[in-house]
Amino acid sequence: MKRSEVKEEYKWRRADIFLNDADWERNLAVLNKDIVGILQFKGRLSCGETLLKCFALSDDLSKRLEKLYCYAMLYKDENLALSEAAAMKSRVETLYVSFSAYSAYIVPELSAQPDSVLEGYIADPDFSMYDYQLKNILAQKKHILSEGEERVLALAGKTIGAFREIFTQLDNVDMPFPNINADGKPQKMTHGKYSLWLQSENRDLRKRAFSGMYKAVGAVVHTAGANFAASVNKDNFLAQVRGYNSALEKSLKQNDVPAAVYDTLLTQVSAFLPALHEYMAFRKKTLGYEKLHMYDLHVPLFPQASLGVSFDKAYELVIDGLKPLGAAYTEVLRAARTSRWLDVEETQNKRSGAYSCGVYGVHPYVLLNYKPLMHDVFTVAHEMGHAVHSYESAKYQPYAKNDYAIFVAEVASTVNEVLLLKHLLSETKDINTKKYLLSYYLDMFRTTLFRQTMFAEFEAQAHALEAEGTPLTVDRLNKLYASLNKKYYGTDVTQDKQIRLEWARIPHFYNAFYVYQYATGLTSAVSLANAIRGNKADAQERYKAFLRAGGSKSPYEILKDAGVDLLDASAYKTAFTEFTSALEELKNLQLTTDN
């Protein structure tokens, strides 16, 4: 489908940021002149009054940059083959690099101040908007480089970030997707169609789609491998120059998350893998296959109860499911729909997948590629969780504190998914629909808790190998991924040789140590959703406080205040109990219908 064929109500409205491209150009030109103004404070940050002015100007320039960037990004993602949109995004990225270089002196100057001076600023009410920022500078002093070194790293920002852009182009534009015979005619594969075909009841179509996808990946795997290896090397390099023990430690500490959280997740999930293996055995038996292949893991166990619906109906289902969050929450959801925050349809050369992008002072934007699948209904709930989280943070926090850390970024989105699913389970009286929903819930755990933890373990091992000097060849990456896939899925799943290539098509690997937070997000969401639905004392109010906290303090502490401590094994046991309970209920329902 061409974008011009999509109704306006299903397309986001970029004009809320800038009226048109000419307006964007004018603002870019003005900001290009203004950013040099940040240099006026260089060498003068020992004065508190001057520091406040510096912070205020930095916030203003950053907000304007954010708007310019988001407008260009949205425009480009509408059509990745549109050269003028790509050029706009590239120009604002260059401006970001310039601003980073101009402002690179700020953190080193502050870190050079005595601890007592920083502590004085932190305690000063005039600095209340920046107290958490200053606390982080104080905590990270030993990892902050000299002004000159910070400036060099800032100037290298665009180069350092190029690996993600290269992957995006490779994955969305240059991937040699084959034609697949589906619905009686050959169709060009896309990411969206691949997802649809893997959920098809036609096993032969699933197999052909799986083989076709990995034939395409295999054709570019050496390029993808070189790009991934270079990205890992970049991560380790940045960790080394800043004096961290590893890229993993750097990622977690810079997000003010205890490094032990990562190890706790891997340890807890590894110990619970027999339950996943039990579910794989149940899936194999229920489908009636002698061998359960990787392309059999996405098809609904009970397709006759599929809840595939139109987007409009899906959105209403989401609103109904999220009513436990309160009337104010659902009002925001309705405003998002009528005010065109969302871009719904899959169109030619549009970026694949889904995301939410907050624009401070405007509103969030949500990219979708909606298909009438239950997975996509939950994707709507998921992305709107991100959007409302961004909306609430921006509404209740100043710009300096509105941006929540990655560690909590997946919590609100996953709370929405869990609430929606529990709502649907409670409403249905049909046993087949209930079986479908329970199996969907189990697959949510499989894909979000178990699979993302497997990705996290792959990332950790790949970075560790590179750090010790072991070349990340395609063969080595393939073997590592295949061994982890076997560990996580167990002996009841046939390890198709193509799956060893899957690492080469995971976009989040270019945002190092991000994926583990999907797993911790689901772990947290299960506890929070159960408390909200159970009307536990203050659960809804604590959750509202969580959404509104933004980046006002440690994300680990923000989540702990909401009721979840991810250093405590009990948080994971709650999620594991939910998984085993759903599996037992599904087994019992299956026995009932079999008999």
Side-chain angles (χ1 to χ4, degrees), residues 7-17 70 74 309-344 354-368 370 376-399 401-404 408-424 426-427 525 528-552 558 562:
K7 292 180 180 178
E8 291 298 305
E9 65 183 287
Y10 298 112
K11 294 190 283 190
W12 54 30
R13 191 164 55 207
R14 281 187 287 117
D16 290 351
I17 309 175
C70 288
L74 299 178
V309 294
S310 69
F311 176 74
D312 293 327
K313 178 63 176 176
Y315 205 78
E316 288 303 315
L317 280 174
V318 169
I319 289 174
D320 287 342
L322 301 184
K323 284 180 179 177
L325 294 175
Y329 194 98
T330 56
E331 284 174 11
V332 175
L333 293 176
R334 293 199 181 281
R337 182 77 178 92
T338 57
S339 299
R340 291 175 51 194
W341 296 8
L342 299 90
D343 204 82
V344 176
Y355 67 70
S356 174
C357 170
V359 185
Y360 194 87
V362 184
H363 57 70
Y365 284 83
V366 173
L367 179 137
L368 300 169
Y370 184 78
D376 285 39
V377 178
F378 282 95
T379 296
V380 174
H382 183 98
E383 296 305 335
M384 291 313 299
H386 285 307
V388 178
H389 194 180
S390 296
Y391 175 84
E392 293 290 318
S393 294
K395 182 177 179 180
Y396 288 93
Q397 295 294 335
Y399 181 78
K401 288 185 173 183
N402 95 100
D403 192 14
Y404 47 83
V408 296
E410 295 303 327
V411 174
S413 54
T414 314
V415 163
N416 278 12
E417 289 195 71
V418 175
L419 286 174
L420 174 60
L421 190 139
K422 286 182 173 289
H423 166 73
L424 294 172
S426 68
E427 290 293 309
L528 293 172
N530 284 350
I532 292 166
R533 279 183 60 85
N535 294 315
K536 289 188 178 179
D538 299 327
Q540 191 183 99
E541 291 304 313
R542 291 173 76 178
Y543 188 65
K544 286 180 182 177
F546 165 79
L547 293 177
R548 295 168 180 176
S552 57
I558 288 173

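All of these numbers come straight from a predicted model, not from anything done at the bench. Position 1 is the first residue of the sequence, and the numbers go up from there. Hydrogens, waters and symmetry mates play no part in the numbers below; they use all other heavy atoms, side chains included.
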**Prompt:** Just wondering, do M384 and S356 contact through their side chains at under 4.5 Å, heavy atoms?
**Reply:** no
**Request:** Please report the shortest heavy-atom distance between D312 and R337, naming the atom on each side.
**Result:** OD1-NH2, 2.7 Å
**Request:** Consider only side-chain N and O atoms of H363 and D16, and report whether a donor and an acceptor are under 3.5 Å apart.
**Result:** yes
**Request:** For T414 and E417, test the side chains for any donor-to-acceptor distance below 3.5 angstrom and give the result as yes or no.
**Result:** no
**Side-chain heavy-atom pair L368, T379 within 4.5 angstrom cut-off** = yes
**Message:** Using the rule given for salt bridge (charged side-chain N to carboxylate O under 4.0 Å, His left out), can you reason through K544 versus E541, listing the C-alpha separation, both sets of side-chain angles and the distance that settles it, and then say yes or no?
**Reply:** CA-CA 5 Å; K544 286 180 182 177; E541 291 304 313; 3.5 Å; yes
**Item:** Main-chain N/O of A335 paired with T338 side-chain donor or acceptor, under 3.5 Å
**Value:** yes
**Fill in**
Here the pair of heavy atoms bringing V418 nearest to A529 is CG1-CB, 3.5 Å
**Request:** Working to the nearest 0.5 Å, report the span between CZ of R14 and CZ of R340.
**Result:** 10.5 Å
**Asked** Rounded to the nearest 0.5 Å, how far does OG of S393 lie from OH of Y404?
**Response** 6.0 Å
**Fill in**
Sorted by chain and residue number, the ring-ring contact (aromatic ring centres under 6.0 Å, His included) partners of Y543 (sequence neighbours excluded) come out as F546
**Request:** May I ask you to say whether E392 pairs ionically with K395, meaning some side-chain N is under 4.0 Å from a carboxylate O?
**Result:** no
**Prompt:** Side-chain contact, heavy-atom cut-off 4.5 Å: H386 with P364?
**Reply:** no
**Item:** SB check E8 K11 (cutoff 4.0 Å)
**Value:** yes
**Item:** Heavy-atom closest pair, residues A412 and G385
**Value:** CB-O, 3.7 Å
**Prompt:** Which atoms form the tightest heavy-atom contact between V377 and V318, and what is the distance?
**Reply:** O-CG2, 3.8 Å
**Request:** Could you grab the distance from atom CD of E383 to atom SG of C357, nearest 0.5 Å is fine?
**Result:** 11.5 Å
**Prompt:** side chain to side chain contact (heavy atoms under 4.5 Å, CB included) between L74 and L367: does it pass, once the steps are laid out?
**Reply:** CA-CA 8 Å; L74 299 178; L367 179 137; over 6 Å; no
**Request:** With the side chain counted from C-beta on, respond yes when V380 and Y370 share a heavy-atom pair under 4.5 Å apart, and no when they do not.
**Result:** yes
**Message:** To the nearest 0.5 Å, what is the distance between NE2 on H423 and CG on L420?
**Reply:** 7.0 Å
**Prompt:** Taking atom CG of N416 and atom CG of L421, what is their separation to the nearest 0.5 Å?
**Reply:** 12.5 Å
**Prompt:** So how far is it from L322 CG to T330 OG1, rounded to the nearest 0.5 Å?
**Reply:** 8.5 Å
**Request:** Look at the side chain of Q397 and the backbone N and O of R548, then say whether any donor-acceptor pair between them is shorter than 3.5 Å.
**Result:** yes
**Complete:** V415 and A525 have their tightest heavy-atom pair at N-CB, 3.4 Å
**Prompt:** Any side-chain heavy-atom pair from Y365 and I17 closer than 4.5 angstrom?
**Reply:** yes
**Request:** Kindly determine whether W12 and V344 satisfy side chain to side chain contact (heavy atoms under 4.5 Å, CB included), including the steps that lead there.
**Result:** CA-CA 8 Å; W12 54 30; V344 176; over 6 Å; no
**Message:** Testing the basics here: between A531 and A539, what is the closest heavy-atom pair and its distance to 0.1 Å?
**Reply:** O-CB, 3.5 Å
**With Y329 via ring-ring contact (aromatic ring centres under 6.0 Å, His included) - residues at least two apart** = none
**Message:** Set out, in order, the CA-CA distance, both residues' side-chain angles and the distance that settles side chain to side chain contact (heavy atoms under 4.5 Å, CB included) for L547 and Y391, then state yes or no.
**Reply:** CA-CA 9 Å; L547 293 177; Y391 175 84; over 6 Å; no
**Message:** Can you confirm whether W341 sits close enough to V362 that some side-chain heavy atom of one is under 4.5 Å from a side-chain heavy atom of the other?
**Reply:** no
**Message:** Do I319 and E316 have side chains that approach each other closer than 4.5 Å (heavy atoms only, starting at C-beta)?
**Reply:** yes
**Side-chain heavy-atom pair V366, D343 within 4.5 angstrom cut-off** = no
